[in-house]
Protein chains: 2
Amino acid sequence: MSMPTSIETLSRSPTANRVRGLKLLANCSRCSIRPASVCSALDAGALSEFEAIGREASFAPRMIVFMEGERADAVYTVTSGLVRLFRLLPNGQRQIVGFGLPGDFLGLPRGERHVYSADAAVGTTACRFHRQDFIMFAENHTRFLRRLHDAAVKALDLAQEQMTQLGPRRADAKIASFILSMRARWMEINGAGESVPLPMSRQDIGDYVGLNIATVSRTFTRLDRQGVIRIVPKGVRILNFPALRQLAEQ
Amino acid sequence: MSMPTSIETLSRSPTANRVRGLKLLANCSRCSIRPASVCSALDAGALSEFEAIGREASFAPRMIVFMEGERADAVYTVTSGLVRLFRLLPNGQRQIVGFGLPGDFLGLPRGERHVYSADAAVGTTACRFHRQDFIMFAENHTRFLRRLHDAAVKALDLAQEQMTQLGPRRADAKIASFILSMRARWMEINGAGESVPLPMSRQDIGDYVGLNIATVSRTFTRLDRQGVIRIVPKGVRILNFPALRQLAEQ
DNA sequence: ACGACGCTTTGCCCTGGGGCAAAGGAAAGG
DNA sequence: CCTTTCCTTTGCCCCAGGGCAAAGCGTCGT
């Protein structure tokens, strides 16, 4: 597997700018990430109906997709790039609660308002739907509604997986788990091998696994020196799987 | 609000024993926690149909409801007591990923197997349904399916809330958040006031918020001494809300 | 090609909380 | 009623990781 090439640099605080462009959905049936997305539950007929209510949105790095507390009047399926899902804590800390990868579905909280914010970590594209259109569509397509439920449960599984990572574990265990978890997610998308893209910054990783940026960096360096991984631009290559798994278990 | 009175002591490792008794569901329409559960989406007709496929199950403290890795062939709605949702990590640690309170829906993972284990922290009752019966019923009752999706999203919200707690926060912030979060959940059930039942053990709390049992204990003691809370049997009474909220924000 | 900016790496010091263990206390069992 | 067992509290020590800051490095824009 090769690293994504056109991934821009990322930086810290989200800009106030919003979506860069909106155009009609071109051709869902040729969408390469559709198998990994909720749209896989749709047949040709439903798909063209679905196309009609969606728009393609592009986000430059650091652009906000939506903010915690805002009315959730649009939902998204990520088609390329990387979305950070995060909460800004009252003490100024940012807790990243998840990463939206291509194929991931975002933006349908329980209530009418978002419970976390989302911004683009890198140049990102997504399909955008008005909440009402989307819900109405889903209610008329039980299979799709079911798939949507699956996606929510999948996200819940991931969140619970993540909770086991965040606890009082050692830094190298957290980082090892993080790398393996990212690898597993990329594999669902494009069958990754030992190269694992990590398009997010060290700060993002730290805010996700609950470590200081310095500790994240030190830990990556240590794993590299120990020959477990090799740090490559915007990712890592796994050199010693058993050792990495062993570390992740600590 | 008064503390639950008949709550037994809890202890550490789950027993291999299973469900204690199974009997027909008596009368869902009189169920006191129904408003807080997925069953609230059902009208009288659907409710009696639903009753027919469920059984009431009782669990003594430490009894297992289901285990991670097992086939998920039954789902549950907790009606009384407390269920611990947890994962046993390879290093022997137990991470509690959630608490199942009365009204909570459990046991429908994305795949066919459970991704975490569940056991009764105290004497607990639940309505039990065969997965297939339940899914078939849900697919025939869109409103119910929708409510089920809401429950999954609610659980996801809670998990993401919990992720913000587990991060690198100070012990008193974690404990303060935990108390406030439990209070909010009890309020949905019985409109609690300043008394917050905590039927789980200190160890459970530690395994949930990511703190050592000793640190949990010390922190409760400190909050008590500072006059923020008062430790009472199987719970706390909140004496100083603003201070507690302030701490939770750190 | 160069400079500026932002991210990453690394060093140094320090503190919050973990590990361990003993004492105290409450509940269950005989 | 007493014993046993488990849970909680508390003390003591130590270390992993946080905070801070400087240096290194890659990237982007001019």
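First the proteins, then the strands, lettered A, B, ... as listed; each starts at 1.
At distances below 3.5 Å, not a single donor-acceptor pair connects side-chain atoms of A:D207 with backbone N or O atoms of A:D204.
Both A:D172 and B:R225 lie near DNA chain D, and the one whose nearest nucleotide falls closer to the 5' end is B:R225.
In the set C:dT8, D:dT10, D:dG17, D:dG17 carries the atom at the smallest distance from any side-chain atom of A:A171. Closest to the B:I231 side chain, of the nucleotides D:dT9, D:dT10, C:dG17, is D:dT9.
Atom pair B:K234:NZ and D:dC7:P shows a separation of 11 Å (rounding to whole Å applied). What separates CG of A:L211 from P of C:dT9 is a distance of 14 Å, to the nearest Å. In this structure, CD1 of B:I213 is placed 14 Å from C1' of C:dG24, rounded to the nearest angstrom. Going from atom CD1 of A:I205 over to atom P of C:dC7 covers 14 Å, rounded to whole Å. Protein atom CG of B:N212 is 14 Å distant from nucleotide atom C1' of D:dC12, rounded to whole Å. As a whole-Å value, the separation of A:R202 CZ from D:dG24 C1' is 14 Å. Rounded to whole angstrom, the span from the CD atom of B:Q203 across to the P atom of C:dG19 amounts to 11 Å. Rounded to whole Å, atom C1' of D:dC15 lies 19 Å from atom CZ of A:R169.
Distances shown here put every side-chain N or O of B:T215 at or beyond 4.0 Å from the OP1 or OP2 atom of C:dG17. The side chain of A:S201 contributes no N or O atom lying less than 4.0 Å from OP1 or OP2 of C:dC7.
Taking the six-membered ring for Trp, A:Y116 and A:F86 have ring centres at least 6.0 Å apart.
Sparse packing is recorded around CZ of A:R170, with 12 or fewer heavy atoms of other residues, nucleotides or ligands lying under 6.0 Å away.
A:T221 comes within 4.0 angstrom of the backbone, heavy atoms only, and of no base.
Under the 6.0 Å distance and 45° angle rule, B:R84 does not count as a cation-pi partner of B:F99.
Between the side chain of A:R218 and the base of C:dG11 there is at least one donor-acceptor pair of N/O atoms closer than 3.5 Å.
Judged by distance alone, the side chains of A:T79 and A:T125 do bring a donor and an acceptor atom under 3.5 Å apart.
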